[in-house]
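Quick notes on the structure that follows.
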Amino acid sequence: MGRTRSFDEATVVASAAEQFRSNGYEGTSLDDLLRATGLHRGSLYQAFGSKRGLFLAALTSTRWDVDLLLVALLELAPFDDHVREICASSLASGATEDVARALGERLLVRAGIDSTIAIEGELR
């Protein structure tokens, strides 16, 4: 019989989500996740199966987190059918133009580019 979990899953997922938002999927190491969540390696693997499993929990824990969605679209969706399906489902919930604009603006902000310049058509 397994031990009872001694951590709050929602808190762990929120801490991991912040790491993924800040550093991306590839830029977040397992050690980063362990430090951020306070979990031991065995607990993380038992609860989530893998780094990917923890990312999926973070991605699906919110209705529409633009930063996590960008990370998923850029880093995982091109190679991972399940992540692509989650992204497609999340994106389908909004008007296409609004979703594209929100993603584009956030991508520019993450890249350090003033999104108002790009929106006004001055970025070439």
Side-chain angles (χ1 to χ4, degrees):
M1 183 155 18
R3 290 177 40 186
T4 304
R5 287 187 183 167
S6 61
F7 61 87
D8 178 51
E9 188 170 320
T11 302
V12 165
V13 169
S15 296
E18 187 53 39
Q19 289 296 303
F20 290 125
R21 275 186 214 101
S22 297
N23 305 317
Y25 182 80
E26 293 298 331
T28 301
S29 70
L30 190 56
D31 287 337
D32 293 334
L33 293 170
L34 296 176
R35 270 191 300 279
T37 63
L39 292 180
H40 294 285
R41 194 173 299 267
S43 296
L44 185 143
Y45 282 116
Q46 181 147 13
F48 302 101
S50 64
K51 173 182 163 181
R52 179 183 175 274
L54 184 51
F55 181 80
L56 290 175
L59 183 62
T60 58
S61 70
T62 59
R63 182 171 118 47
W64 211 85
D65 183 313
V66 69
D67 285 304
L68 281 179
L69 193 56
L70 277 173
V71 169
L73 288 166
L74 291 169
E75 296 187 46
L76 296 170
F79 315 104
D80 188 318
D81 292 339
H82 187 228
V83 172
R84 189 177 315 112
E85 289 171 17
I86 292 169
C87 291
S89 175
S90 183
L91 292 170
S93 66
T96 304
E97 208 171 287
D98 294 339
V99 169
R101 183 180 198 95
L103 287 170
E105 285 178 11
R106 192 64 193 137
L107 181 60
L108 292 172
V109 168
R110 287 179 64 103
I113 298 171
D114 182 358
S115 64
T116 58
I117 293 171
I119 291 168
E120 294 167 0
E122 296 175 22
L123 183 66
R124 300 198 196 300

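A quick note: this is a predicted structure, and the numbers were derived from the prediction, not measured.
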Quiz item: Same hydrophobic cluster for Val99 and Leu74, using side-chain heavy-atom links shorter than 4.5 Å among ILVMFWY?
Solution: yes

Quiz item: Shared ILVMFWY cluster between Leu103 and Val109, side chains joined below 4.5 angstrom?
Solution: no

Self-check item: Row check, Tyr25 ring normal vs Lys51 NZ/CZ: under 6.0 Å, within 45°
Solution: yes

Can you check whether [X] reaches [Y] side chain to side chain, under 4.5 Å on heavy atoms?
| X | Y | value |
| --- | --- | --- |
| Leu69 | Arg106 | no |
| Leu108 | Glu105 | no |
| Leu30 | Tyr45 | yes |
| Phe48 | Val12 | yes |

What's the shortest heavy-atom distance between [X] and [Y], and which atoms?
| X | Y | result |
| --- | --- | --- |
| Leu33 | Thr37 | O-OG1, 2.7 Å |
| Asp67 | Arg110 | OD1-NH1, 3.0 Å |
| Cys87 | Leu73 | CB-CD2, 3.7 Å |
| Ser15 | Ala36 | CB-O, 3.6 Å |
| Leu39 | Leu44 | CD1-CA, 3.9 Å |
| Ala72 | Leu59 | CB-CD2, 3.9 Å |

To the nearest 0.5 angstrom, please state how far the [atom1] atom of [X] sits from the [atom2] atom of [Y].
| X | Y | atom1 | atom2 | answer |
| --- | --- | --- | --- | --- |
| Leu70 | Asp65 | CG | CG | 9.0 Å |
| Leu56 | Leu68 | CG | CG | 11.0 Å |
| Ile86 | Asp80 | CD1 | CG | 8.0 Å |

Give a yes or no answer on whether the side chain of [X] reaches the backbone of [Y] with a donor-acceptor pair at less than 3.5 Å.
| X | Y | value |
| --- | --- | --- |
| Arg21 | Val71 | no |
| Glu75 | Glu26 | yes |
| Ser61 | Ala58 | yes |

Self-check item: Worked verdict on Asp31 versus Arg41 for side chain to side chain contact (heavy atoms under 4.5 Å, CB included)
Solution: CA-CA 9 Å; Asp31 287 337; Arg41 194 173 299 267; 3.0 Å; yes

Exercise. Take Asp32 and Arg35, measure what side chain to side chain contact (heavy atoms under 4.5 Å, CB included) needs, and give me the verdict at the end.
Key: CA-CA 5 Å; Asp32 293 334; Arg35 270 191 300 279; 2.8 Å; yes

Quiz item: Going by atom types alone, do Glu18 and Ser22 pair a side-chain donor with an acceptor below 3.5 Å?
Solution: yes

Quiz prompt | Residues Arg84 and Asp81 bridged, charged N to O under 4.0 Å | solution = yes

